[in-house]
Colleague: 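First the structure, then my questions, so here it is.
Note on naming: letters A, B, ... go to the chains in the order of the sequence lines (proteins, then strands), and numbering restarts at 1 for each one.
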Protein chains: 2
Amino acid sequence: MSDQQNKYEHLDEETLFIVSQTFKALSDPTRIRILHLLGERECNVSEIAEELSLMQSTVSHQLRFLKNLRLVKFRRAGTTLFYSIDDEHVMTLLHQSIHHARHD
Amino acid sequence: MSDQQNKYEHLDEETLFIVSQTFKALSDPTRIRILHLLGERECNVSEIAEELSLMQSTVSHQLRFLKNLRLVKFRRAGTTLFYSIDDEHVMTLLHQSIHHARHD
DNA sequence: AACATATATGAGCATATGTTCATATAATAA
DNA sequence: TTATTATATGAACATATGCTCATATATGTT
């Protein structure tokens, strides 16, 4: 029989990268606010900026970040882009964390 | 009757702070590796450094970070400090994320 | 075409972050 | 006490991050 040392199974590089990227997306207050708002309703860029008192440019930059990670998606209506959530799993993580922050 | 506008309920500052801090802790590969290892077994500082091929100083700095957020705790045995997980909820978030990273 | 509106993008800047090196501290042993 | 081992800490550095400003692009309108 082989040794019963039960060596530790390291996380592989790819998993580590994906996981850290995901949490990084959720680690910034501005992105959390944007995701939380989009969790309530679909919004265009200027609506987000106004509702959250952010510069249009700030919102646009963060939306690009979130879109690259496929956490949000958008549909076009003329010159207006409506953004919405594209990753329910990440929203679940966010909502769990919010729930715990409030009840701990 | 009042308007049925259903205004958006903003996240309060404190929740936002706690949530972003929590995810920030999980957003760094080194901290993820340390937490994941401690999720398997209690370890002292040098064990962590050796198992993960990190400098003792790096491990110690990150453990302080995690301890400040009360994600880990330690017990003393002579000059040796054994660290272990102190926040099962955050470990749940981590494990969920790892699971999804592997299956998506 | 010219113009208006909505959004995206690049550069610059200030701040935050993570690692390393050198050294300090703490507990124990001789 | 001195030496040894384990861990913590501060400073310095390089890189990453997030915001703002100015401007570009894209669509629609006249």
Colleague: Describe the nucleic acid contact of B/Ser60 in one word from base, sugar-phosphate, nothing, applying a heavy-atom distance below 4.0 Å.
Modeller: base
Colleague: Output the residues of residues 23-41 of chain B in contact with DNA chain D, where contact means a heavy atom of the residue under 4.0 Å from an atom of the strand; sort by number or write none.
Modeller: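 Close to the strand, none.
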Colleague: Please state how far atom CZ in A/Phe74 lies from atom C1' in C/dA8, giving the value in whole angstrom units.
Modeller: 11 Å
Colleague: Is the distance from OP1 or OP2 of C/dA8 to the nearest side-chain N or O of A/Tyr83 less than 4.0 Å?
Modeller: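 Yes.
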Colleague: Rounded to whole angstrom units, what separation is found between the CG atom of B/Leu81 and the P atom of D/dT5?
Modeller: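 One finds 17 Å between P of D/dT5 and CG of B/Leu81, rounded.
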Colleague: Can you run down the salt bridge (charged side-chain N to carboxylate O under 4.0 Å, His left out) pairs that involve residues 51-62 of chain A, sequence neighbours left out, and say none if there aren't any?
Modeller: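 Every salt bridge (charged side-chain N to carboxylate O under 4.0 Å, His left out) pair that includes a residue of residues 51-62 of chain A, provided the two are not neighbours, is A/Arg41-A/Glu51.
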Colleague: Would you jot down, in residue-number order, the residues of residues 12-20 of chain B having a non-hydrogen atom under 4.0 Å from DNA chain D?
Modeller: none
Colleague: With hydrogens left out and only the distance checked, is there a donor-acceptor pair under 3.5 Å joining B/His61's side chain and the base of C/dT20?
Modeller: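 In this structure, the two groups form a donor-acceptor pair.
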Colleague: Between side-chain atoms of residues 23-37 of chain B and protein atoms elsewhere (two or more places apart, or another chain), which donor-acceptor pairs fall under 3.5 Å?
Modeller:
from	atom 1	to	atom 2	distance (Å)
B/Ser27	OG	B/Lys24	O	2.8
B/Asp28	OD2	B/Thr30	N	3.1
B/Asp28	OD2	B/Arg31	N	3.2
B/Arg31	NE	B/Ala25	O	3.0
B/Arg31	NH1	B/Gln62	OE1	3.0
B/Arg31	NH2	B/Lys24	O	3.0
B/Arg33	NH1	B/Leu52	O	3.3
B/Arg33	NH2	B/Leu52	O	2.9
B/His36	ND1	A/Tyr8	OH	2.5

Colleague: Between N or O atoms, less than 3.5 Å apart, protein on one side and nucleotides 28-30 of chain D on the other: list the pairs.
Modeller:
none

Colleague: Closest to the B/Phe65 side chain: C/dG18, D/dG10, C/dT7?
Modeller: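 So the nucleotide nearest the side chain must be C/dG18.
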Colleague: Ignoring hydrogens, what is the shortest heavy-atom contact between A/Ser97 and B/Leu93? Give both atom names and the distance.
Modeller: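 A/Ser97 and B/Leu93 have their closest heavy atoms at CB-CD1, 4.3 Å.
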Colleague: Find the partner of D/dT7: check Watson-Crick (N1-N3 plus N6-O4 or O6-N4) and G-U wobble (N1-O2, O6-N3) distances, both under 3.5 Å, and reply none if neither fits.
Modeller: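 Because both required distances fall under 3.5 Å, D/dT7 counts as paired with C/dA24.
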Colleague: Take the protein atom CG of B/Leu63 and the nucleotide atom P of D/dA6, then report the distance between them rounded to whole Å.
Modeller: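 B/Leu63 atom CG is separated from D/dA6 atom P by 16 Å.
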Colleague: Near DNA chain D, under 4.0 Å by heavy atom, which residues of residues 48-59 of chain B?
Modeller: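 When residues 48-59 of chain B is checked for heavy atoms under 4.0 Å from DNA chain D, the hits, listed by number, are B/Gln56, B/Ser57.
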